[in-house]
Amino acid sequence: MGLFDQIINAIDNPNQQGNTSQLGNIINTVQQISGSTGTDSSTMQSALGIVGNYVRSALQEKQNTEGNEAAQDVVNEYGGTSPNAQAVDSLFPPFVQQQVADAVSQRTGLNAGMVQQLLPILVPLVLNLLKSGSNAQNPQAGGNSVLNSFLDSDRDGDVDIMDAMQMASRYLGR
């Protein structure tokens, strides 16, 4: 089952945190960033997808070295729609932050300096999307289906963050 399917299942499951309001807030934030930077929303979704790939690698590393709970803790602590530089710092050392900005710049045409400034917004958005699979009553409890699908390292065709955002926009009619 793909990432977007896991997100929809989380929205439909009252035992998980996901809801249409959360998804709508993420999409609205991406649209606001697009508007404030003068960038079309598909370019910003591409940027979010690239950042999402780096977040996946960082969370996989955290999961491999510190366990599933450590990855879940990062998602729970830093997932949101408000800028949070600590979210970026918790996942990426400074040289990786620059690599992320450069990769986004090369693939989208956005200025690397602007991307660097957007990371404290984009990283929490990715984490917030992943948070939708957390247990509603006890977020620390295991079994975050969205995070587990996202961290599926066998690359079996699951959709990435950009695809999930595009599907979410269509799902919410935006």
**Asked** Checking side chain to side chain contact (heavy atoms under 4.5 Å, CB included) for the pair Leu147/Leu59: CA distance, chi angles, key distance, verdict?
**Response** CA-CA 9 Å; Leu147 178 61; Leu59 287 174; 4.1 Å; yes

**Message:** Would Gln63 and Leu151 count as a side chain to side chain contact (heavy atoms under 4.5 Å, CB included) here? Give the steps.
**Reply:** CA-CA 9 Å; Gln63 182 183 45; Leu151 295 179; 3.7 Å; yes

**Asked** Asn64 side chain to Gln60 main-chain N or O, any donor-acceptor pair under 3.5 Å?
**Response** yes

**Asked** Would you say Phe150 and Val55 make side-chain contact, with heavy atoms under 4.5 Å?
**Response** yes

**Request:** Please check if the side chain of Asp40 supplies one atom and the backbone of Ser34 the other of a donor-acceptor pair under 3.5 Å.
**Result:** no

**Request:** Check the pair Asp89, Gln97 against side-chain hydrogen bond (donor to acceptor under 3.5 Å, both in side chains), reporting the backbone distance first and the verdict last.
**Result:** CA-CA 8 Å; Asp89 293 339; Gln97 292 176 31; 2.9 Å; yes

**Item:** Side chains of Ser90 and Val74 in contact at under 4.5 Å (non-hydrogen atoms)
**Value:** yes

**Asked** Considering only heavy atoms from C-beta outward, does the side chain of Val100 approach that of Val88 to under 4.5 Å?
**Response** no

**Request:** Mind running side chain to side chain contact (heavy atoms under 4.5 Å, CB included) on Leu48 and Val126 for me, showing each step along the way?
**Result:** CA-CA 7 Å; Leu48 193 64; Val126 171; 3.7 Å; yes

**Prompt:** Side chains of Ser105 and Asp102: do they bring a donor and an acceptor to under 3.5 Å?
**Reply:** no

**Message:** Taking the side chain as everything from C-beta on, heavy atoms only, tell me whether Asn135 gets closer than 4.5 Å to Asn15.
**Reply:** no

**Message:** Before you tell me yes or no, could you show the steps for Val51 and Val123 under side chain to side chain contact (heavy atoms under 4.5 Å, CB included), namely the whole-Å CA-CA distance, both residues' side-chain angles and the distance that decides it to 0.1 Å?
**Reply:** CA-CA 7 Å; Val51 169; Val123 170; 3.8 Å; yes

**Asked** In terms of side-chain heavy atoms, does Asn25 have a donor or acceptor partner in Thr81 at a distance below 3.5 Å?
**Response** no

**Asked** Within the side chain of Lys131, is there an N or O that forms a donor-acceptor pair under 3.5 Å with the backbone of Gly79?
**Response** yes

**Message:** Tell me every residue that passes side chain to side chain donor-acceptor pair (under 3.5 Å) with Gln22, counting only those two or more places apart in sequence or in another chain.
**Reply:** Asn128

**Message:** side-chain hydrogen bond (donor to acceptor under 3.5 Å, both in side chains) for Gln72 and Asn76? Distances and angles first, verdict last.
**Reply:** CA-CA 6 Å; Gln72 182 66 53; Asn76 290 337; 2.8 Å; yes

**Prompt:** With a 4.5 Å limit on heavy-atom distance, are the side chains of Ile121 and Leu118 in contact?
**Reply:** yes

**Between Gln16 and Ser132, a side-chain donor and acceptor under 3.5 Å** = no

**Request:** Would you please say whether a donor-acceptor pair under 3.5 Å links the side chains of Gln116 and Asn111?
**Result:** no

**Request:** State, with a plain yes or no, whether a side-chain heavy atom of Leu122 is found less than 4.5 Å away from one of Ile33.
**Result:** yes

